[in-house]
> 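My structure is below; once you've seen it, I'll send some questions.
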Amino acid sequence: MFSKILKFFGIEKNTDIKEINKDMKRYLIVGLGNIGPDYVGTRHNAGFMVVDVLAERAGSSWKSCRYGDMCTVKIKNCELMLLKPSTFMNLSGVAVRYWMNHEKLPLENLLVVVDDLALPFGTIRLKQRGSDAGHNGLKNIASELGNTNYARLRIGVGNEFTRGHQIDFVLGVFPPEEKEQLPDILGRAADCVSAYCLSGPAFAMNHFN
């Protein structure tokens, strides 16, 4: 049966399976957030939510691994290693650096998904590089990697908070009227991640920014 499947795709029976996968592009997609029930559904966990959508679409399950939960999904000729760090937001870079080194991935194959206070709620913005803009997760990643030349997908969560209450805002849950819009927003963000991997950053930025 397996030989018939190989033949259907034009692959000889004695072909090494490693040869089939040699052109597979591999990416580390890191959704930033905080672990634990107290943080589920909070604005600061927008990154977790996006990679959850990608995993759900592929029917993949999460497994506990070093420095976080991970699952792998395949989209055409791309393998996406989805990671939700367990290091808490301020030490996200520890998990990123470990898995980049472990998988021997170049920096251009890293995409970090993160919440952003500077963007209006529902806006998504893909950039190939940039500053941490005061985000502690991005700040730690830059510190651990030694530079900021990695792609990031920012999910706008708005900034409707009074002075001195920024932490309460990002660690708060979305109100009902915003929660209703989340499936569409997270779906678009997941589509952007897929486009980034399949068609490159220029295509994804032109179509989703």
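What's counted below: heavy atoms across the whole structure, side chains too, no hydrogens, waters or symmetry copies. Computed from a predicted structure; not experimentally measured.
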> Same cluster or not: L83 versus I29, using hydrophobic residues (I, L, V, M, F, W, Y) connected whenever any side-chain heavy atoms lie under 4.5 Å apart?
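No, no single cluster joins them.
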
> Counting distance only, does the side-chain N/O of N101 pair as donor-acceptor with the main-chain N or O of R97 below 3.5 Å?
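Yes, because the side chain of N101 sits within donor-acceptor range (under 3.5 Å) of the backbone of R97.
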
> So which atom in I155 and which in A189 form the shortest heavy-atom distance, rounded to 0.1 Å?
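Closest heavy-atom pair between I155 and A189: CD1-CB, 3.7 Å.
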
> Which heavy atom of Q128 sits nearest a heavy atom of P201, and at what distance?
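For Q128 versus P201, the nearest heavy atoms are NE2-CG, 3.4 Å.
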
> Going only through I, L, V, M, F, W and Y residues with side-chain contacts under 4.5 Å, is there a path from L111 to F203?
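L111 and F203: separate clusters.
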
> Which word best sums up how the rings of F121 and F174 line up, parallel for under 30°, tilted for 30 to 60°, or perpendicular for over 60°?
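Tilted, since the angle between the ring planes falls between 30° and 60°.
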
> Can you check whether G187's main-chain N or O pairs, donor with acceptor, with R57's side chain at less than 3.5 Å?
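Flag set: sc R57 to bb G187 pair under 3.5 Å.
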
> For the atom pair NZ (K25) and CG (L198), what is the distance rounded to the nearest 0.5 Å?
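Going from the NZ atom of K25 to the CG atom of L198 covers 6.5 Å.
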
> Mark yes or no for whether D132, through its side chain, and L138, through its backbone, hold a donor-acceptor pair below 3.5 Å.
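Side chain of D132 to backbone of L138, a donor-acceptor pair under 3.5 Å: no, none is there.
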
> Does N209 use its side chain to pair, donor to acceptor, with the backbone of L126 at less than 3.5 Å?
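Yes, the answer is positive, given that a donor and an acceptor are paired below the 3.5 Å cut-off.
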
> Which heavy atom in S61 sits nearest to a heavy atom in C71, and how many Å separate them?
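Where S61 meets C71 most closely, the heavy atoms are O-CB, 3.1 Å.
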
> Apply the test side-chain contact (heavy atoms from CB on, under 4.5 Å) to residues I124 and R188: give CA-CA distance (whole Å), side-chain angles for both, the deciding distance (0.1 Å), then the verdict.
CA-CA 8 Å; I124 64 173; R188 286 192 291 110; 3.9 Å; yes

> To the nearest 0.5 Å, tell me how far Y27 OH sits from E108 CD.
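Reported to 0.5 Å precision, the distance equals 8.5 Å.
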
> For F48 and V40: C-alpha separation, side-chain torsions, deciding distance, then whether side-chain contact (heavy atoms from CB on, under 4.5 Å) applies.
CA-CA 9 Å; F48 276 12; V40 172; over 6 Å; no

> side-chain contact (heavy atoms from CB on, under 4.5 Å), that's the test. Do F169 and L117 meet it? Break it down for me.
CA-CA 9 Å; F169 182 78; L117 289 169; 3.6 Å; yes

> Would C197 and I75 satisfy side-chain contact (heavy atoms from CB on, under 4.5 Å), going step by step from the backbone distance to the final call?
CA-CA 9 Å; C197 298; I75 305 175; over 6 Å; no

> Using the rule that Ile, Leu, Val, Met, Phe, Trp and Tyr join whenever any side-chain heavy atoms are under 4.5 Å apart, tell me whether L80 and Y196 fall into a single cluster.
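Yes.
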
> Heavy-atom count around E56 CD within 6.0 Å, excluding the residue itself: above 12?
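12 or below, so no.
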
> Side-chain contact test, heavy atoms from C-beta onward, threshold under 4.5 Å: evaluate it for L28 versus M70 and give yes or no.
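Sidechains of M70 and L28: in contact.
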
> Under a 3.5 Å distance rule, please check whether R43 uses its side chain to pair with a backbone N or O of D115 as donor and acceptor.
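Side chain of R43 to backbone of D115, a donor-acceptor pair under 3.5 Å: no, none is there.
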
> Which residue pairs satisfy the salt bridge (Lys or Arg N to Asp or Glu O under 4.0 Å) criterion with at least one member in residues 145-168, sequence neighbours excluded?
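Residue pairs with at least one partner in residues 145-168: D116-R154.
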
> Is there side-chain contact between S92 and M89, with at least one heavy-atom pair below 4.5 Å?
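Of all side-chain heavy-atom pairs linking M89 with S92, at least one is under 4.5 Å.
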
> With ring-ring contact (aromatic ring centres under 6.0 Å, His included) as the rule and sequence neighbours excluded, what pairs involving residues 62-93 come up?
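Qualifying pairs: Y67-Y98.
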
> Does a side-chain heavy-atom distance below 4.5 Å link H207 with D191?
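No, their side chains stay 4.5 Å or more apart.
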
> When you group the ILVMFWY residues by side-chain heavy-atom contacts below 4.5 Å and let the links chain together, are L110 and L91 in the same group?
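Same cluster.
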
> Could you measure the distance from the SG atom of C65 to the NZ atom of K84? Nearest 0.5 Å is fine.
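Here the interatomic distance stands at 11.0 Å.
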
> Between S194 and L54, what is the shortest heavy-atom contact and its length?
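Shortest heavy-atom contact: OG-CD2, 3.8 Å.
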
> Quick one: do V50 and L82 end up in the same hydrophobic cluster if we chain Ile, Leu, Val, Met, Phe, Trp and Tyr together by side-chain heavy atoms under 4.5 Å apart?
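Linked, V50 and L82 end up in one cluster.
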
> Mind checking whether I141 and L32 have side chains closer than 4.5 Å, heavy atoms only?
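Result yes, sub-4.5 Å side-chain heavy-atom pair found.
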
> Considering non-hydrogen atoms only, spot the tightest contact between V73 and A58 and give its length.
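Looking at all heavy atoms of both residues, the shortest contact is CG1-CB, 3.4 Å.
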
> Write down the atom of T42, the atom of L171, and the distance for their closest heavy-atom approach.
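Where T42 meets L171 most closely, the heavy atoms are CG2-O, 3.2 Å.
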
> Hey, what do you get for CG (N90) to CG (N136), rounding to the nearest 0.5 Å?
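So the gap between those two atoms works out to 4.5 Å.
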
> Has the side chain of N45 got a donor or acceptor atom that lies under 3.5 Å from a matching backbone atom of Y39?
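Yes: the side chain of N45 pairs with the backbone of Y39.
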
